[in-house]
Amino acid sequence: MFKGLFEKTKPETNALTTLDKLNETLEMLEKKENLLLKKAAAEVEKAKEYAKGRNKRVAIQCLKRKKLYEQQIEQLGNFQLRVHDQMILLEGAKATTDTVDALRTGAAAMKAMQKATNIDDVDKTMDEINEQTENMKQIQEALSNPVGAAADFDEDELEAELEELEGAELEEQLLQPATTTAAPVQVPAGRQPARPVPQKRTAEEDELAALQAEMAL
């Protein structure tokens, strides 16, 4: 039972717990180092006082204790370096584990989506879409075809009738005489034109002129 519980423990939880423990250890080592630094400084001050009182033996004892404190301080510094090194390695391992877990989760999600989306289902769906599109085209073509009386009209006859209309309109335009509009003549003030301005011909006169021209041909 307990073995199963330990196996289910997440590596991330273990890593975080270990990092917390290392941080606590680092803080403890720093506090001890600061305390030893204060003690070493105090021994130096004592040695100075005893040296002033010409108590050389006691002053040397103070310096010996200062040396012992410095050795412990150096040792604590090495411990802190080891703890820092361990924290850096553990944080790097945790980042690697998190990355692998994220990739594994992405791969599992992709696999699940591929399983849910089968290639046969995709092909079937595309066939249905194409079939519906073709049906819609046929419906639109059926709606656009003429029905009733309009469906009985012959397209060739209608085109021939249109050509006759166009030919008749062109012939009518050719039979009409060309008329030119003369530009108005500027007459100075106080003068009368030398000859009267011709009046515009009527429609009957135009028809007569056209008939005469045709007969002349």
Side-chain angles (χ1 to χ4, degrees), residues 1-140:
M1 177 179 179
F2 291 104
K3 183 178 179 181
L5 291 176
F6 284 119
E7 289 178 351
K8 294 180 180 179
T9 303
K10 293 183 178 180
E12 181 179 2
T13 304
N14 291 334
L16 293 175
T17 302
T18 305
L19 284 172
D20 291 340
K21 182 63 176 178
L22 290 173
N23 277 319
E24 293 176 0
T25 303
L26 187 61
E27 291 177 359
M28 179 268 295
L29 293 174
E30 290 176 350
K31 289 179 180 179
K32 285 187 176 181
E33 183 181 11
N34 291 331
L35 179 60
L36 291 174
L37 287 172
K38 291 178 180 180
K39 288 183 177 182
E43 292 297 333
V44 172
E45 294 299 325
K46 290 179 181 179
K48 290 179 181 180
E49 292 296 329
Y50 286 120
K52 289 180 181 180
R54 296 187 181 279
N55 193 345
K56 184 178 180 181
R57 185 180 62 81
V58 179
I60 290 175
Q61 292 295 328
C62 293
L63 293 177
K64 286 182 178 180
R65 286 194 294 271
K66 191 261 298 184
K67 289 289 185 181
L68 292 174
Y69 290 143
E70 287 177 349
Q71 289 179 357
Q72 293 182 11
I73 291 171
E74 183 178 1
Q75 188 177 17
L76 290 175
N78 292 330
F79 290 165
Q80 292 179 43
L81 288 176
R82 289 182 178 274
V83 172
H84 277 296
D85 185 43
Q86 188 66 30
M87 290 177 65
I88 292 172
L89 292 175
L90 187 58
E91 288 174 352
K94 182 178 179 300
T96 302
T97 302
D98 292 341
T99 303
V100 173
D101 289 341
L103 294 174
R104 185 182 295 112
T105 302
M110 183 67 69
K111 184 177 181 180
M113 287 188 293
Q114 290 178 353
K115 184 180 295 184
T117 308
N118 193 355
I119 185 63
D120 295 335
D121 296 336
V122 175
D123 292 339
K124 183 178 179 181
T125 302
M126 293 305 300
D127 291 340
E128 292 177 355
I129 293 175
N130 293 332
E131 183 179 356
Q132 293 173 3
T133 304
E134 186 64 27
N135 291 337
M136 183 58 64
K137 288 182 180 179
Q138 293 178 2
I139 293 173
Q140 292 175 350

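Note that this is a predicted model, so its numbers are computed, not measured.
- Using a 4.5 Å heavy-atom cutoff, the side chains of Glu134 and Asn130 are not in contact.
- Atoms NZ and NZ, from Lys39 and Lys46 in turn, are 10.0 Å apart once rounded to the nearest 0.5 Å.
- For the atom pair Gln80 CD and Glu30 CD, the distance stands at 5.0 Å (nearest 0.5 Å).
- Shown here is Glu74, whose CD atom has no more than 12 heavy atoms of other residues, nucleotides or ligands within 6.0 Å.
- Rounding to the nearest 0.5 Å places CZ of Arg65 at 9.5 Å from CG of Leu63.
- One distance of note links CG of Leu26 with CZ of Arg82; it measures 14.5 Å at 0.5 Å rounding.
- How far CG of Asp98 is from OG1 of Thr96: 8.5 Å, rounded to the nearest 0.5 Å.
- Contacts of Asp101 classified as side chain to side chain donor-acceptor pair (under 3.5 Å), with partners at least two apart in sequence or in another chain: Arg104.
- When side chains are defined from C-beta on, Leu68 does not count as touching Lys64, because their heavy atoms never get closer than 4.5 Å.
- Between the CD atom in Glu43 and the CD atom in Gln61 there is a gap of 10.0 Å [rounded to 0.5 Å].
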Show me the donor-acceptor pairs within less than 3.5 Å that the side chains of residues 48-58 make with the rest of the protein, sequence neighbours left out.
none

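- Within the 4.5 Å cutoff, the side chain of Gln86 has no heavy atoms near those of the Thr18 side chain.
- When each of Leu37, Leu29, Leu35 is tested with Leu76 by the rule side-chain contact (heavy atoms from CB on, under 4.5 Å), just one qualifies, namely Leu29.
- Judged purely by atom type and a 3.5 angstrom limit, Asp85 has no side-chain atom pairing as donor or acceptor with the backbone of Leu81.
- Electrostatic pairing of Glu70 and Lys66 counts as a salt bridge here, judged by a charged N lying under 4.0 Å from a carboxylate O.
- Shortest non-hydrogen contact noted between Val83 and Leu22 is CG1-O, 3.6 Å.
- Counting all heavy atoms, side chain and backbone alike, Leu19 lies closest to Lys94 at CD1-CD, 4.4 Å.
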